[in-house]
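Worksheet: one structure, shown below.
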Amino acid sequence: MKISEHMNIFTIRKKILLASKLMGVILILSYVFFTRLPLNADVSLMIWLIFVVLLICAIDLWMARFISKPVSELNEAAGRMAELDFSHFCGVSGNDEFGELSHSLNVMAQNLQKAFEELERVNQKLEQDVEQKKRLLSERKELADNLSHEMKTPLGVIRAYTEGLQDEEDEAKRQKYYEVIIKETERMGSLIATLLDLSALENGAAGLYPERFEFVEFLETVAGRLLIDTPDADFNLQYELPELPVYVNTDKSRMEQVLNNLIVNAKRNVRPGGILKLSLMERDGMLNFSIYNQGHTISQENLSKIWTKFYRDKNIKYSGSGLGLAIVAQILSMQHLTYGALNRQDGVVFYFSIPIIK
């Protein structure tokens, strides 16, 4: 035991000893004082007894304030901690054992609170890791199922034409078979690359790398490559573009994917001789892109499904993987950009909006 602990007069033990000795001295002195008063002995004794009762009450109040009340508060604080409630600290203060015990309880409560918060954080991270593993397993299974389903047709075609090559002697037909096999092989390669790219975007393996660039000329370049001077062009091209340059900040290569897929989708779905219109308008600090193709509309119940992987409208026959719009939705969603599709009286318009920067 330290010397300072012996010298400390504020300990509970010292307080009780001091109070008991002081009470003894007061009792003796008061008895002597009251018995020597010029009064009847019985009256003096009665007055002394009344004084003793008052003294006992005063001592009792002192004990309640300095011992009973702190013990009650410490007991209440310990009870809350036993129920894992560390939100309220014990308010007992002082230089005695009660004050030290109160400080120790408060420190313990803080440490336990930090320990529980850290444990909760670790548990949440474990739950997230488990959920992420489940999601990755689900995505891998979905990827394998989709690949298996989508590969059946081109593999069947390749097998059929390969078997045909074995017995075909006509060189012209053999050359045609080769072309079909090469085409289906390229289709398979493109499908796998597109699906892997979409999966990488969905699970965060592929990110976006924004840069500032001029969007009007960018759109003209992409649209010109896909829509102008193409041998299969059977539509009436219209466009509405800003006259002045407009700058945006986004991933340029990914936005080229978005424009490619939306334009190709519109080109495939425009009816023969129908209108295909590109529009780019500035409004309230946003650059609003839209592309309209005159042709079949989409049923209202399927309008939200067109952004899902491998969705194809059964009423529209064209070749495609069913991944183009899914990639568009993923890229735009990653940037928190507004996008969608709306039916018009005789066609469909696809749109998205992107913030303008100076």
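Under 3.5 Å, the side chains of Y177 and D170 contain no donor-acceptor pair of N or O atoms. Defined by atom type and a distance below 3.5 Å, a donor-acceptor pair is missing between the side-chain atoms of D197 and T194. In this model, a donor atom of one side chain and an acceptor atom of the other lie less than 3.5 Å apart for R225 and N260. Judged purely by distance below 3.5 Å, without hydrogens or angles, the side chains of R254 and Q257 pair a donor atom with an acceptor atom. Side-chain contact check for D251 and S253: at least one donor-acceptor pair (N or O, by modelled atom type) lies under 3.5 Å.
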- request: Go through the steps to decide whether R283 and M286 satisfy the test side chain to side chain contact (heavy atoms under 4.5 Å, CB included), and finish with yes or no.
  value: CA-CA 5 Å; R283 179 177 296 175; M286 301 295 291; 5.8 Å; no
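Rounding to the nearest 0.5 Å gives a distance of 4.5 Å between CG of N249 and CD1 of I357. The CG atom of L332 sits 5.5 Å away from atom CG of L337, with the distance rounded to the nearest 0.5 Å. If you take CZ on F289 and CD1 on I354, they are separated by 11.5 Å, rounding to the nearest 0.5 Å.
Crowding of F350 atom CZ: a count of heavy atoms from other residues, nucleotides or ligands under 6.0 Å exceeding 12.
With hydrogens and angles disregarded, a donor-acceptor distance shorter than 3.5 Å links the side chain of N261 to the backbone of G324. N288 contributes no side-chain N or O that, together with a main-chain N or O of S353, makes up a donor-acceptor pair within less than 3.5 Å. Formation of a donor-acceptor pair under 3.5 Å by the E214 side chain with backbone atoms of V216 is found in this model.
With a 6.0 Å cutoff to the six-membered ring centre and a 45° limit on the axis angle, K252 counts as a cation-pi contact of F213.
In this structure, the side chains of L342 and Y351 come closer than 4.5 Å at one or more pairs of heavy atoms.
Contact check on K114 versus E117 returns no salt bridge, with no Lys/Arg side-chain nitrogen under 4.0 Å from an Asp/Glu carboxylate oxygen.
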